[in-house]
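First up is the structure itself, then whatever we jot down about it.
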Amino acid sequence: EYRLLSKNLLGQSDVSTTFEVFKPTIPGNLSVSFEEGSNLINWDSDDQLVSSFQVYRSIAEGEFEEIANVASDQRSYIDENIEIDQEFKYFILATSENFFSDNSDTIAISVFRPGIPENLNAEFIPDNLTIGLSWSISGEVADRFIIFESTDNANFIAIDTVESTVLNYSRLITEEGLIYALQAIQG
């Protein structure tokens with residue numbers, strides 16, 4: 001609760017009646033995920049007095065800086081200014097006119113380049129006319145692998161996607177001379 005009093009050279013006013021100032025509620029359920037080269041930050045808020053949300057970010061152990069001010073009807077923000085091999089921390093503030101909520105919880109995400117698939121091996125399995133592919137990976141673990149196929153070693157077409165725990169793949173052979181490639185994907 002607050003009361004106002006004004007003073008000048010001629011004296012002072014009577015003290016006003018008390019009034020309350022309502023800070024916006026703290027945004028909750030903060031989450032962040034790495035998707036398609038960007039960090040997607042989500043939060044919840046059911047405060048009807050919020051006029052906007054301020055998104056703050058810290059890179060590595062740096063200071064937090066405001067990176068966005070989004071409308072009150074938004075509950076997410078896409079941070080496209082991402083550098084690979086960094087840790088990002090975020091928190092959200094709700095604003096209402098000239099008042100601010102306390103900081104939301106801070107959430108962190110580390111964005112690393114996935115390891116390169118190595119030791120790609122292709123083996124013809126004559127019993128069922130399939131090609132068996134296998135590989136290994138070192139470095140940061142990928143979220144998934146995309147398998148590509150080509151007839152000319154220049155134009156590759158994605159033929160399948162497998163989870164990161166899968167390190168082999170088999171496919172029915174449709175023609176001779178096919179070439180395979182593998183890409184590790186994070187996010």
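This one's a predicted model, so the numbers in the text were calculated from it and none came from an experiment. Sequence positions, counted from 1, serve as the residue numbers for this chain.
Residues meeting the side chain to side chain contact (heavy atoms under 4.5 Å, CB included) test with F64, sequence neighbours left out: Y56, S58, K89, F91, T106. Residues that satisfy the side-chain hydrogen bond (donor to acceptor under 3.5 Å, both in side chains) test with Y77, not counting sequence neighbours, are absent from this structure.
When all heavy atoms of N69 and E66 are compared, the closest pair comes out as CB-OE2, 3.6 Å. Residues P24 and S101 share a closest heavy-atom pair of O-CB, 3.2 Å. Of all heavy-atom pairs between E149 and Y180, the closest is OE2-OH, 2.9 Å.
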Would you please test I147 and W135 for side-chain contact (heavy atoms from CB on, under 4.5 Å) and show each step? CA-CA 11 Å; I147 301 165; W135 59 90; 4.3 Å; yes
Would you sort out whether I185 and T161 count as a side-chain contact (heavy atoms from CB on, under 4.5 Å), showing the intermediate values? CA-CA 10 Å; I185 301 292; T161 301; over 6 Å; no
Evaluate side-chain contact (heavy atoms from CB on, under 4.5 Å) for V166 paired with F145, printing each intermediate quantity in order. CA-CA 8 Å; V166 176; F145 297 105; 5.8 Å; no
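In this structure the side chain of S110 reaches within 4.5 angstrom of the side chain of E87, judged on heavy atoms. At a threshold of 4.5 Å between non-hydrogen side-chain atoms, the residues L133 and L182 do not count as touching. Within the 4.5 Å cutoff, the side chain of F156 has no heavy atoms near those of the I146 side chain.
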Taking distance alone, no hydrogens or angles, what donor-acceptor pairs closer than 3.5 Å link side-chain atoms of residues 119-130 to residues at least two apart or in another chain?
residue, atom, partner, partner atom, Å
N119, ND2, S136, OG, 2.9
N128, OD1, T130, OG1, 2.7

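Note: L49 CG to E97 CD = 8.5 Å, rounded to the nearest 0.5 Å. Note that the CG atom of N81 and the CZ atom of R57 stand 5.0 Å from one another [nearest 0.5 Å]. Taken to the nearest 0.5 Å, the CD1 atom of I179 stands 7.5 Å off from the OG1 atom of T151. The OG atom of S31 sits 7.0 Å away from atom CG of L40, with the distance rounded to the nearest 0.5 Å. In this structure, CZ on R75 lies 8.0 Å from CG on D44, to the nearest 0.5 angstrom. For the atom pair CZ (F100) and CG (N98), the distance works out to 7.0 Å, reported to the nearest 0.5 Å.
Note on I157: it does not cluster hydrophobically with V162, by side-chain heavy-atom contacts below 4.5 Å among ILVMFWY residues. If you chain together hydrophobic residues whose side chains sit under 4.5 Å apart, I26 and V32 never meet in one group. Linking Ile, Leu, Val, Met, Phe, Trp and Tyr whenever their side-chain heavy atoms come within less than 4.5 Å puts L30 and F53 in one cluster. Following chains of ILVMFWY side-chain contacts shorter than 4.5 Å, one cannot reach I107 starting from L93, and the two form parts of different hydrophobic clusters.
Although no hydrogens or angles enter the test, the distance criterion places a donor-acceptor pair under 3.5 Å between the side chain of D47 and the main chain of T25. At distances below 3.5 Å, at least one donor-acceptor pair connects side-chain atoms of S150 with backbone N or O atoms of N155.
No hydrogens or angles considered: a donor-acceptor pair under 3.5 Å links the side chains of E35 and S33.
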